[in-house]
Amino acid sequence: MKVEVDPETGVLKREGIANKMNPYDLFALETALRLKEAIGARVTVISMGPQQAASVIREAYWMGVDAGVLLSDRRFGGADVLATSYTLAQGIRTLAVADLILCGKQTTDGDTAQVGPELAQWLKIPNLCNVLEIQAGERDAEVKIDLNQIIQTVRIKYPCLLTVEKDIFMPRLPSYRLKKATAQWTIKVLSLDDLADRDARHYGLTGSATQVERIFPPQAEGEHEILQGSGRSLAATAAEKLRLHELL
């Protein structure tokens with residue numbers, strides 16, 4: 001999917017483009033549904049975006065979630081990770097208290113992996129990242145987290161927030177049966193006016209701690225050259241070309 005950037009504001013143009021669930025969030029969604037099947041739970045998904053983002057929540061219905069909430073308001077537009085996490089926290093506070101909040105590790109556009117931990121900070125609850133496995137108990141959960149060199153096992157009390165790794169579960173496919181069964185289900189849409197904090201300065205571009213100074217799409221170069229020869233001669237030729245372009 002080709003995504004354009006507004007040259008004036010430096011933010012992604014999201015209006016009028018097809019929506020797709022963030023791949024990393026699929027793993028969090030599958031984890032929630034597995035816990036629902038294992039121990040019983042009510043699963044609610046929440047997202048922030050323009051009205052067409054409701055299609056992503058509708059897809060979550062087809063996978064087995066119980067309810068969906070969309071935070072949608074032009075005043076939310078242009079948010080960085082700080083303003084995004086704050087908006088999501090405000091939206092979550094309008095709902096029933098959650099024992100466990102699951103997030104994908106990161107998004108595929110920003111790739112910051114900051115929204116989940118920042119959301120936990122706004123909600124004042126503990127969080128763990130890079131989760132590989134969850135054993136949910138009555139009052140707490142035993143969690144395995146990936147620390148690159150080692151796998152650590154940690155016990156964390158509810159309420160808490162976890163960001164899950166892509167290896168935790170294989171996401172299921174949407175169900176045609178659930179698509180038909182949930183066709184009439186509504187999606188709760190919240191605007192700024194529905195939140196406890198209605199100060200527009202805390203949201204969107206004005207509520208963002210960071211702003212993009214300059215952004216531009218990479219120039220696609222169509223020219224290429226195929227080199228042939230022995231390994232030694234190819235290395236020498238490649239080195240010479242790098243020197244000519246002042247890259248070596």
Side-chain angles (χ1 to χ4, degrees), residues 1-29 45-57 60 68-95 98 101-131 160-166 189-218:
M1 181 174 63
K2 184 178 180 181
V3 178
E4 296 183 358
V5 176
D6 188 317
E8 304 245 341
T9 62
V11 300
L12 298 176
K13 292 182 179 180
R14 301 183 186 273
E15 297 290 341
I17 64 171
N19 284 276
K20 182 180 179 182
M21 190 179 297
N22 176 46
Y24 287 101
D25 289 340
L26 284 169
F27 303 108
L29 180 55
V45 295
I46 185 167
S47 183
M48 184 181 88
Q51 288 289 329
Q52 62 263 32
S55 63
V56 174
I57 296 177
V69 178
L70 176 63
L71 293 160
S72 188
D73 193 312
R74 287 190 176 275
R75 291 169 287 186
F76 298 155
D80 69 354
V81 291
L82 186 68
T84 296
S85 61
Y86 184 73
T87 308
L88 288 169
Q90 287 291 307
I92 289 172
R93 285 194 173 113
T94 69
L95 309 175
I101 298 174
L102 296 171
C103 300
K105 177 183 177 181
Q106 61 196 65
T107 61
T108 53
D109 51 9
D111 283 331
T112 64
Q114 295 174 4
V115 170
E118 289 182 1
L119 175 56
Q121 290 297 306
W122 289 120
L123 294 173
K124 295 180 172 52
I125 59 176
N127 81 282
L128 292 170
C129 299
N130 308 103
V131 172
C160 63
L161 182 147
L162 307 175
T163 71
V164 301
E165 282 281 359
K166 62 182 179 64
V189 180
L190 300 177
S191 71
L192 176 61
D193 298 328
D194 298 306
L195 306 181
D197 180 6
R198 299 183 181 89
D199 189 339
R201 294 172 298 178
H202 298 158
Y203 303 87
L205 276 174
T206 56
S208 297
T210 59
Q211 301 232 339
V212 177
E213 193 170 294
R214 179 172 176 261
I215 193 167
F216 55 89

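Hydrogens, waters and symmetry mates are skipped; everything else that's a heavy atom, side chains included, is used. No experiment lies behind these values; they were computed from the predicted model shown. Numbers for residues simply follow the sequence, beginning at 1.
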**Asked** Where do Ala83 and Gly204 come nearest, in terms of heavy atoms and distance?
**Response** CB-O, 3.8 Å
**Prompt:** Does the side chain to side chain contact (heavy atoms under 4.5 Å, CB included) test come out yes or no for Ile125 and Ile101, once each step is laid out?
**Reply:** CA-CA 10 Å; Ile125 59 176; Ile101 298 174; 4.1 Å; yes
**Message:** Using 30° and 60° as the class boundaries, would you call the ring planes of Tyr86 and His202 parallel, tilted or perpendicular?
**Reply:** perpendicular
**Asked** Taking side chain as C-beta onward, heavy atoms only, is Lys105 less than 4.5 Å from Val164?
**Response** no
**Complete:** Closest non-hydrogen contact found for Arg198 with Asp193 is NE-O, 2.9 Å
**Message:** Test your reading of the model: is there a side-chain donor-acceptor pair from Arg75 to the backbone of Ala200, 3.5 Å cut-off?
**Reply:** no
**Prompt:** With side chains defined as the heavy atoms from C-beta onward, is the minimum distance between Pro117 and Cys129 less than 4.5 Å?
**Reply:** yes
**Prompt:** Hey, mind stepping through Leu26 and Met21 against side chain to side chain contact (heavy atoms under 4.5 Å, CB included) and telling me if it holds?
**Reply:** CA-CA 7 Å; Leu26 284 169; Met21 190 179 297; 3.3 Å; yes
**Atom of Ser72, atom of Gly49 and distance for their closest heavy-atom approach** = OG-O, 2.9 Å
**Message:** Looking only at the side chains, is there a donor atom on one of Glu165 and Asn130 sitting less than 3.5 Å from an acceptor on the other?
**Reply:** yes
**Flag for Asp80-Thr210: side-chain donor and acceptor within less than 3.5 Å** = yes
**Message:** Between Asn22 and Phe27, is the side chain to side chain contact (heavy atoms under 4.5 Å, CB included) condition met? List the steps.
**Reply:** CA-CA 10 Å; Asn22 176 46; Phe27 303 108; over 6 Å; no
**Item:** Verdict with reasoning, Ile92 to Leu119, per side chain to side chain contact (heavy atoms under 4.5 Å, CB included)
**Value:** CA-CA 10 Å; Ile92 289 172; Leu119 175 56; 4.0 Å; yes
**Message:** How long is the straight-line distance from OG1 of Thr87 back to CE of Met48, given to the nearest 0.5 Å?
**Reply:** 5.0 Å
**Prompt:** Under a 4.5 Å cut-off applied to non-hydrogen side-chain atoms, are Glu118 and Leu82 in contact?
**Reply:** yes
**Item:** Contact summary for Gly104 and Asp25, nearest pair of heavy atoms
**Value:** N-OD1, 3.2 Å
**Item:** Side-chain (Ser47) to main-chain (Val69) donor-acceptor, under 3.5 angstrom
**Value:** no
**Fill in**
With Ile46 as partner, the option from Leu71, Thr94, Leu70 fulfilling side-chain contact (heavy atoms from CB on, under 4.5 Å) is Leu71
**Request:** Taking the side chain as every heavy atom from C-beta outward, state whether Thr163 and Tyr24 have any pair of such atoms under 4.5 Å apart.
**Result:** no
**Item:** Residue pair Cys103 / Leu162, side-chain heavy-atom distance below 4.5 Å
**Value:** no
**N/O donor-acceptor pair under 3.5 Å between Asp73 side chain and Phe76 backbone** = no
**Item:** Main-chain N/O of Asp197 paired with Gln90 side-chain donor or acceptor, under 3.5 Å
**Value:** yes
